[in-house]
Amino acid sequence: MATIGIFTGGVNTPSTITETALTGTDTFVYDASSTLVLRNSTAGSVTVTLRGSKATGTKLCEGGGIVDLSTPISIALPAGAVKSIKLGSIRDLLTGTIAVAGRVAGVFAYILK
């Protein structure tokens, strides 16, 4: 299991980002002001899921209807794609210990603060 690293952008100094190679049983520390970035270096499409261990029940979301918090959020990554998600926008889905799952080989992640 790997813990996905958090990197703070430098104001006037570039910062080095080290991606975490996903193992299929990864986690990260939630911070509402951060953005999770996922990169698929493979030639095929992959799906990565995120779920908090204490996310249960449902919630009425403005513009989105009722959301089942016990269902992991799925992020589809086409071949060679990079996607990001603001963690504050899915805070109710990430309560408790956060599990990141999906195909492992060739998928990388990091968190920007």
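Predicted, not measured: the structure shown is a model, and the values here were computed from it.
- Residues passing the side-chain contact (heavy atoms from CB on, under 4.5 Å) test with Ser53, sequence neighbours excluded: Thr97.
- Under a hydrophobic clustering in which Ile, Leu, Val, Met, Phe, Trp and Tyr are joined whenever their side-chain heavy atoms come within less than 4.5 Å, directly or via other members, Ile85 and Ile6 fall into the same cluster.
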Worksheet item: What do the steps show when you test Thr3 against Thr20 for side-chain contact (heavy atoms from CB on, under 4.5 Å), and what is the final call?
Response: CA-CA 8 Å; Thr3 300; Thr20 301; over 6 Å; no
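- A donor-acceptor contact shorter than 3.5 Å links the side chain of Thr42 to the backbone of Gly44.
- Note on Leu87: it clusters hydrophobically with Val67, by side-chain heavy-atom contacts below 4.5 Å among ILVMFWY residues.
- In this structure, Lys59 NZ and Asp92 CG are separated by 3.5 Å, a value rounded to the nearest 0.5 Å.
- Under a 3.5 Å cut-off, the side chain of Thr95 and the backbone N or O of Ala55 do form a donor-acceptor pair.
- Shortest non-hydrogen contact noted between Ser74 and Thr47 is CB-CG2, 3.9 Å.
- The shortest distance between side-chain heavy atoms of Lys113 and Asp31 falls below 4.5 Å.
- Of all heavy-atom pairs between Ser84 and Val37, the closest is CB-CG2, 4.1 Å.
- Exactly one residue among Asp26, Val100, Asn40, Leu36 makes a side chain to side chain contact (heavy atoms under 4.5 Å, CB included) with Val48. That residue is Val100.
- By the rule that hydrophobic residues join a cluster once side-chain heavy atoms approach within less than 4.5 Å of another member, Tyr30 and Ile75 end up as members of one cluster.
- The heavy-atom pair separating Lys86 from Ser33 by the smallest distance is NZ-O, 4.2 Å.
- Of the candidates Val29, Leu22, Leu38, Ile98, Leu22 is the only one forming a side chain to side chain contact (heavy atoms under 4.5 Å, CB included) with Ile4.
- Closest of all the heavy-atom pairs between Phe108 and Ser41 is CE1-OG, 3.5 Å.
- Not one N or O on the side chain of Thr58 forms a donor-acceptor pair closer than 3.5 Å with the backbone of Ile66.
- With hydrogens and angles ignored, the 3.5 Å screen pairs no side-chain donor or acceptor of Lys83 with any backbone N or O of Leu77.
- In this structure, the side chain of Arg51 engages the main chain of Ser70 through a donor-acceptor pair within 3.5 Å.
- Residues satisfying the side-chain contact (heavy atoms from CB on, under 4.5 Å) criterion with Ile17, sequence neighbours excluded, are Phe7, Tyr110, Leu112.
- Taking all atoms of both residues into account, the shortest heavy-atom contact from Gly57 to Asp68 is O-OD1, 3.4 Å.
- Taking both residues in full, the closest heavy atoms of Pro78 and Ser45 are given as CA-OG, 4.0 Å, listed atom of the first, atom of the second, then distance.
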